[in-house]
Amino acid sequence: DNKYTRDGAEAQQHFQSILATDLQLLSNYLHSVDVEEFEGRHPPCTSASAEQVVLSFNSQQKFLHDILYNPEVTFDAKLSVLLHNDSNAELADTYVRSMIYEMYKTKYSGYHCNERVLWALFKKAIPALEMADQRPRVHGKQVRLVTFPQLEVARSAFKEAFNLQDYHF
């Protein structure tokens, strides 16, 4: 468990109690467990195992998780770009990719990846994510855009990509 990975009295006490276990009792218990139906290559997904997966995420995965967990806070900086043209009056869920990447770099300043790696992970985790081909001008600069699907669609795809069926946002 991650709470015992740090040094301290609580961790030391925890591991001392494990070391004090009678080996014969442990052996008797392990020999009494029925493992005939156990499939070690496909362990069951539980809420506890899902929580451990989330705690083990790298910075890119954590950032995407944070976006899906609480998008109102993540996008508080109002990254939304409103495009006005004849074919599409408003794209409310469209964002400037570089601005999202800058948010990621700011949040994970010591452990960030390059922009291409970040967007590859986003696309793999949320296949419905759309990278726009057009590069409109925003404040005089050409920018690349990304369109996120509906929140529940994105969350469902994320959970499937990381095998988190019992996880709740």
Side-chain angles (χ1 to χ4, degrees), residues 1-6 11 37-169:
D1 194 326
N2 281 346
K3 73 179 184 177
Y4 297 116
T5 58
R6 296 174 187 85
E37 300 293 320
F38 180 74
E39 176 55 60
R41 285 178 260 168
H42 303 288
C45 184
T46 64
S47 59
S49 67
E51 183 181 339
Q52 286 299 313
V53 169
V54 171
L55 289 171
S56 300
F57 279 166
N58 63 31
S59 64
Q60 305 96 303
Q61 294 164 330
K62 285 178 189 173
F63 185 65
L64 180 55
H65 173 269
D66 292 349
I67 289 172
L68 299 176
Y69 184 77
N70 198 351
E72 297 84 20
V73 172
T74 305
F75 290 135
D76 195 30
K78 303 210 184 316
L79 296 175
S80 186
V81 176
L82 302 178
L83 300 177
H84 298 282
N85 59 36
D86 295 338
S87 63
N88 200 357
E90 185 173 300
L91 300 173
D93 295 324
T94 300
Y95 302 92
V96 177
R97 286 171 45 177
S98 61
M99 293 174 110
I100 294 174
Y101 181 68
E102 287 303 318
M103 288 176 60
Y104 163 73
K105 281 189 357 184
T106 301
K107 186 168 185 175
Y108 297 100
S109 60
Y111 301 99
H112 65 272
C113 65
N114 71 39
E115 190 170 357
R116 188 173 291 170
V117 171
L118 180 72
W119 289 113
L121 173 95
F122 274 41
K123 186 67 176 165
K124 184 177 178 183
I126 307 173
L129 194 74
E130 295 179 19
M131 305 293 186
D133 290 331
Q134 77 274 14
R135 294 185 185 175
R137 291 195 175 277
V138 175
H139 302 295
K141 292 183 179 179
Q142 270 193 331
V143 294
R144 294 175 187 226
L145 303 176
V146 60
T147 302
F148 283 86
Q150 294 294 320
L151 185 59
E152 288 309 313
V153 171
R155 285 177 173 174
S156 177
F158 181 85
K159 287 167 55 172
E160 184 176 326
F162 292 103
N163 196 23
L164 299 170
Q165 286 77 17
D166 287 349
Y167 186 73
H168 301 286
F169 282 94

Item to check | For K107, all residues meeting side chain to side chain contact (heavy atoms under 4.5 Å, CB included), sequence neighbours excluded | outcome: F63, D66
Checklist entry - Side chains of C113 and Y104: closer than 4.5 Å at any heavy-atom pair? => result yes
Item to check | Interatomic distance, Y101 atom OH to T106 atom OG1 [nearest 0.5 angstrom] | outcome: 10.5 Å
Next on the checklist: Tell me every residue that passes side chain to side chain contact (heavy atoms under 4.5 Å, CB included) with S156, counting only those two or more places apart in sequence or in another chain.
Outcome noted: none
Item to check | Contacts of type side chain to side chain contact (heavy atoms under 4.5 Å, CB included), residue A161, not counting sequence neighbours | outcome: A125
Item to check | For K124, salt bridge (Lys or Arg N to Asp or Glu O under 4.0 Å) partners two or more places apart | outcome: none
Item to check | Interatomic distance, R144 atom CZ to I100 atom CD1 [nearest 0.5 angstrom] | outcome: 14.0 Å
Next on the checklist: Main chain of C45, side chain of S49: is a donor-acceptor contact present, judged purely on distance under 3.5 Å?
Outcome noted: no
Checklist outcome for this item: The side chain to side chain donor-acceptor pair (under 3.5 Å) partners of Q165 (sequence neighbours excluded) come to N163
Item to check | Exercise: identify the closest heavy-atom pair between R97 and M131 | outcome: NH1-SD, 3.7 Å
Item to check | From R116 atom CZ to L121 atom CG, the distance as rounded to the nearest 0.5 Å | outcome: 15.0 Å
Checklist outcome for this item: In this structure, CD1 of I67 is separated from CD1 of I126 (nearest 0.5 Å) by 8.0 Å
Item to check | side chain to side chain contact (heavy atoms under 4.5 Å, CB included) involving V54 - partner list, sequence neighbours excluded | outcome: F57, H65, L164, Y167
Next on the checklist: S47: which residues meet the side chain to side chain donor-acceptor pair (under 3.5 Å) condition with it, sequence neighbours left out?
Outcome noted: none
Checklist entry - Partners of F122 by ring-ring contact (aromatic ring centres under 6.0 Å, His included), sequence neighbours excluded? => result W119
Item to check | Set of salt bridge (Lys or Arg N to Asp or Glu O under 4.0 Å) partners for R155, sequence neighbours left out | outcome: E152
Next on the checklist: Once side chain to side chain donor-acceptor pair (under 3.5 Å) is applied, do any residues pair with D166, and if so which ones, sequence neighbours excluded?
Outcome noted: none
Checklist entry - Would you find more than 12 non-hydrogen atoms of other residues, nucleotides or ligands less than 6.0 Å from E51 atom CD? => result no
Checklist entry - In Å and rounded to the nearest 0.5 Å, what is the CG to OG distance from L145 to S98? => result 9.0 Å
Checklist entry - Short question: side chain of K123, backbone of P127 - any donor-acceptor pair under 3.5 Å? => result yes
Next on the checklist: Just to verify, what does E160 make a salt bridge (Lys or Arg N to Asp or Glu O under 4.0 Å) with, not counting sequence neighbours?
Outcome noted: none
Next on the checklist: Atom CD of residue position E39 - does it have more than 12 heavy atoms of other residues, nucleotides or ligands inside 6.0 Å?
Outcome noted: yes
